[in-house]
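Notes to accompany the following structure.
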Number of protein chains: 2
Amino acid sequence: MMNSIASAPSSSQAQDAAAGILASLLERGFKRTHALVCLLREMAADPRPRTLAEWGECPSLQERNGVTLYRLMLKLEQAGVVRRVNLGERAQCFQLLPSGPAPDYLVCTSCGGLEQVETPLEVRVLEENLARKTGWKAVRHELEFFGVCPNCAENSNEAAHLAVI
Amino acid sequence: MMNSIASAPSSSQAQDAAAGILASLLERGFKRTHALVCLLREMAADPRPRTLAEWGECPSLQERNGVTLYRLMLKLEQAGVVRRVNLGERAQCFQLLPSGPAPDYLVCTSCGGLEQVETPLEVRVLEENLARKTGWKAVRHELEFFGVCPNCAENSNEAAHLAVI
DNA sequence: TTTGTTTATGCAAAAAGATTGCATTTAATG
DNA sequence: CATTAAATGCAATCTTTTTGCATAAACAAA
């Protein structure tokens, strides 16, 4: 039902994924630029949704201009390779779309911690039905659970306790 | 399964709701200010999630300062009276929480149109379980479906057709 | 009603994030 | 190597969110 996100794809798998995506993009008219190659690698190596600023902090991308990353990310989103996720932060987050169904998340509003949640079957069915039975096109969904993780909940209890003393 | 949002609560019902919320807030230390009274009325009269800028356009709120609305909205959110919803727009949207379960939405990414979607049972159960069986506290969820509504899909087809001619 | 205290408000300004225009560079193509 | 189209960096703008501070309004007590 719920999995923490410890298991990033192994380096070689990630590289393969990035390479495959890159190939498909090149066929679609993308240029093999330094920024594109590096960004795909970084995003394949870390499946979590991260802000533009965060992606920009990756070693291989630090020298890149922020605006470049911004425009590149929009292109990748349009190409259906990347998706935008709202994690309750002010800035939008982006992540590489996995080959399978995209994950949903459980977010700690206190520490920002993230756990992956398997998409409820009902949500998938609803999504499919919207696309098939109604006139809606290109339907996707976004589901997030927000709360305070056990760790933070405990700490805030301690804090409250200390405050009384 | 899906309902368009034609049925805003009747004026009197909305007023009652606003009055009830106001009373509860006053008990909790809120001051009965012009801005508070008007904002609650407007939000009760229109259940849709709207941006701060949009709420500020309401007749009774136009003379109010935008920052006032901003701070008031945050207070209402903290008080659990208002919730923040991400509708894919750059600005955050706010809406009064209904007495029952909060609605989920189907959003047209082309025209911004909004339809209400009943929360899948599985999502509610998942949410409850997170709160009961795991150590997570104050769990809530946000579920949105995004797509292109029949109207916009048709128009874009026409546009594509015309473009060929 | 007056006084004092607390909270809300307006104004100004800053910080953060998203977005565009334009001149230059880079990648692909022949 | 020359040509062309796309990508990049830089500067600047715009929108949204956020804060500080002086003033005004609401509330409670005298």
Side-chain angles (χ1 to χ4, degrees), chain A residues 19 21-43 49-58 60-79 81-94 109 112, chain B residues 21-43 49-58 60-79 81-95 109 112:
Chain A
I21 295 169
L22 179 57
S24 120
L25 289 174
L26 293 180
E27 284 177 12
R28 289 190 263 169
F30 277 68
K31 281 190 182 176
R32 171 189 239 108
T33 64
H34 189 75
L36 176 61
V37 173
C38 291
L39 181 56
L40 284 179
R41 276 198 193 140
E42 296 288 359
M43 294 189 83
R50 309 180 66 184
T51 64
L52 277 175
E54 286 168 340
W55 288 118
E57 285 168 10
C58 292
S60 69
L61 293 170
Q62 281 184 355
E63 55 199 72
R64 295 282 122 198
N65 186 303
V67 181
T68 297
L69 234 52
Y70 166 73
R71 280 185 281 215
L72 189 49
M73 199 67 87
L74 290 197
K75 280 199 71 179
L76 292 177
E77 190 187 17
Q78 282 196 330
V81 166
V82 151
R83 77 159 175 169
R84 200 183 290 238
V85 187
N86 161 40
L87 258 35
E89 319 202 347
R90 48 193 156 195
Q92 302 265 21
C93 295
F94 297 86
T109 52
Chain B
I21 294 170
L22 179 56
S24 120
L25 289 175
L26 293 181
E27 286 177 11
R28 287 190 264 168
F30 276 68
K31 285 187 179 179
R32 172 188 238 108
T33 64
H34 190 74
L36 177 61
V37 173
C38 292
L39 181 57
L40 284 179
R41 277 198 193 139
E42 297 288 0
M43 294 190 84
R50 308 179 68 184
T51 64
L52 277 173
E54 285 169 342
W55 287 118
E57 284 168 13
C58 293
S60 69
L61 292 171
Q62 282 183 355
E63 55 198 72
R64 294 281 123 198
N65 185 304
V67 181
T68 298
L69 235 52
Y70 166 73
R71 280 185 279 215
L72 191 48
M73 199 66 89
L74 291 197
K75 280 199 68 177
L76 293 177
E77 190 188 16
Q78 282 197 330
V81 165
V82 151
R83 76 159 177 170
R84 200 183 289 239
V85 188
N86 161 41
L87 257 38
E89 319 201 347
R90 48 191 155 196
Q92 302 264 19
C93 294
F94 297 86
Q95 75 179 155
T109 53

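Labels below follow one simple rule: chain letters A, B, ... track the order of the sequence lines, proteins then strands, and each chain is numbered from 1. No hydrogens, no waters, no symmetry mates; every other heavy atom, side chains included, goes into these values. None of the values given here were measured: they were computed from a predicted structure.
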> When you measure from every atom of DNA chain C, which of residues 25-38 of chain B have a heavy atom less than 4.0 Å away?
Replying inline: B:Lys31, B:Thr33, B:Ala35

> For DNA chain C, what residues of residues 61-76 of chain B have any heavy atom nearer than 4.0 Å?
Replying inline: B:Arg64, B:Asn65, B:Val67, B:Thr68, B:Arg71, B:Lys75

> Excluding sequence neighbours, so at least two apart, what forms side-chain contact (heavy atoms from CB on, under 4.5 Å) with B:Arg41?
Replying inline: B:Gln15, B:Ala18, B:Val37

>> My understanding is that only residues two or more places apart in sequence, or in another chain, count here; which of them pass side-chain contact (heavy atoms from CB on, under 4.5 Å) with B:Ala91?
In response: B:Thr51

>> Rounded to whole Å, please give me the gap between CZ in B:Arg90 and C1' in D:dT17.
In response: 14 Å

> For B:Arg84, what residues pass the side-chain hydrogen bond (donor to acceptor under 3.5 Å, both in side chains) criterion, not counting sequence neighbours?
Replying inline: B:Glu77

>> Applying side-chain hydrogen bond (donor to acceptor under 3.5 Å, both in side chains), can you list everything that pairs with A:Arg90, at least two apart in sequence or on another chain?
In response: none

>> Checking A:Phe30 against A:Leu36 for the side chain to side chain contact (heavy atoms under 4.5 Å, CB included) test, could you report, in this order, the C-alpha distance in whole Å, the side-chain angles of both residues, the deciding distance, and whether it holds?
In response: CA-CA 9 Å; A:Phe30 277 68; A:Leu36 176 61; 4.1 Å; yes

> Quick one: salt bridge (charged side-chain N to carboxylate O under 4.0 Å, His left out) partners of B:Arg50, sequence neighbours excluded?
Replying inline: B:Asp46

> If an axis is fit to five pairs at each end of the helix from C:dT1-D:dA30 to C:dG30-D:dC1, what is the angle between the two, to the nearest 10°?
Replying inline: 30°

Can I get a per-line list of side-chain donor-acceptor pairs under 3.5 Å for residues 60-76 of chain A, giving both atom names and the distance, sequence neighbours left out?
{"residue": "A:Ser60", "atom": "OG", "partner": "A:Glu42", "partner atom": "OE2", "Å": "2.7"}
{"residue": "A:Gln62", "atom": "NE2", "partner": "A:Glu57", "partner atom": "O", "Å": "3.0"}
{"residue": "A:Asn65", "atom": "OD1", "partner": "A:Val67", "partner atom": "N", "Å": "2.7"}

> What is the 5' to 3' range of DNA chain C, first to last nucleotide, that sits under 4.0 Å from any heavy atom of chain B?
Replying inline: C:dT6 to C:dA12

